[in-house]
Amino acid sequence: MGQKINPLGFRLGTTQSHDSIWFAQPTKYSENIQEDKKIRDWIKNYIQKNRRISSGVEGIGEIKIQKRIDLIQTNMHKKLNCVNRKLNIAIVKVTNAYKHPNILAEFIAGQLKNRVSFRKAMKKAIELTEQAGTKGVQVQIAGRIDGKEIARVEWIREGRVPLQTIRAKIEYCCYTVRTIYGVLGIKVWIFSK
């Protein structure tokens with residue numbers, strides 16, 4: 001079996017950039033990484049709690065944070081005890097939602113939690129991604145699919161997904177979902193250009 005590498009880390013510096021941009025001394029580096037993770041987890045939890053679902057078919061919530069940016073910053077400052085540091089939070093509206101692997105993985109996870117067949121959920125996700133105008137998409141689900149005794153891996157690819165080409169702009173997401181049968185892992189690769 002070959003060695004696997006994260007597609008985002010493989011392409012750092014060519015087509016991908018870092019998620020966090022900051023500099024720290026070697027003694028404070030681990031503290032800053034932990035603080036970065038706390039900030040990301042806090043924002044995800046805040047959005048999950050305050051999400052409003054616009055339509056039942058898509059399962060994607062509309063997030064209105066225009067008046068709550070000050071509230072987010074003050075709550076986060078209290079939670080992280082970083083009063084002397086200034087945090088800049090930029091909220092960007094996604095125009096074509098199904099071009100992003102995180103949103104696609106959340107869609108598949110929602111379908112699996114509602115006990116939709118995994119093949120039907122994967123095909124629907126691929127169809128939505130193709131309508132968004134991508135060149136290729138690959139979806140993989142691993143675990144006790146449909147409650148079977150033995151865990152297995154199922155995947156579907158549509159279009160081109162050149163994982164070996166470093167210049168290819170591939171977006172990747174790894175997402176875990178808890179179902180009544182156990183934990184399932186969802187991986188999504190999207191080739192945009």
Considering all heavy atoms, the nearest [X]-[Y] contact:
| X | Y | value |
| --- | --- | --- |
| F10 | Q164 | CE2-O, 4.3 Å |
| I186 | V177 | CD1-CG1, 4.0 Å |
| E171 | K99 | OE1-O, 4.1 Å |

According to a hydrophobic-cluster definition based on side-chain heavy atoms being under 4.5 Å apart (Ile, Leu, Val, Met, Phe, Trp, Tyr only), do [X] and [Y] belong together?
| X | Y | value |
| --- | --- | --- |
| L104 | V161 | no |
| L112 | I126 | yes |
| I5 | I166 | yes |
| V137 | I108 | yes |

Main chain of [Y], side chain of [X]: is a donor-acceptor contact present, judged purely on distance under 3.5 Å?
| X | Y | answer |
| --- | --- | --- |
| T165 | A168 | no |
| T134 | I190 | no |
| N6 | L8 | yes |

Do [X] and [Y] come within less than 4.5 Å of each other through their side chains, counting heavy atoms only?
| X | Y | answer |
| --- | --- | --- |
| F118 | E154 | yes |
| Q138 | V188 | no |
| Q140 | V153 | yes |
| I141 | W155 | no |
| Q111 | K124 | no |

Q) Y172 vs W189 aromatic rings, parallel, tilted or perpendicular, using cut-offs 30° and 60°? A) tilted
When rounded to the nearest 0.5 angstrom, what is the spacing between [atom1] in [X] and [atom2] in [Y]?
| X | Y | atom1 | atom2 | answer |
| --- | --- | --- | --- | --- |
| L128 | I103 | CG | CD1 | 12.0 Å |
| I170 | R160 | CD1 | CZ | 9.0 Å |
| F191 | L163 | CZ | CG | 10.0 Å |
| K135 | S192 | NZ | OG | 8.5 Å |
| L184 | R178 | CG | CZ | 11.0 Å |

Q: Would you tell me whether R11 and Q16 have side-chain atoms, one donor and one acceptor, within less than 3.5 Å of each other?
A: no
Q) More than 12 non-hydrogen atoms from neighbouring residues, nucleotides or ligands closer than 6.0 Å to NZ on K123, yes or no? A) no
(Q) More than 12 heavy atoms of other residues, nucleotides or ligands under 6.0 Å from CZ of R152: yes or no? (A) yes
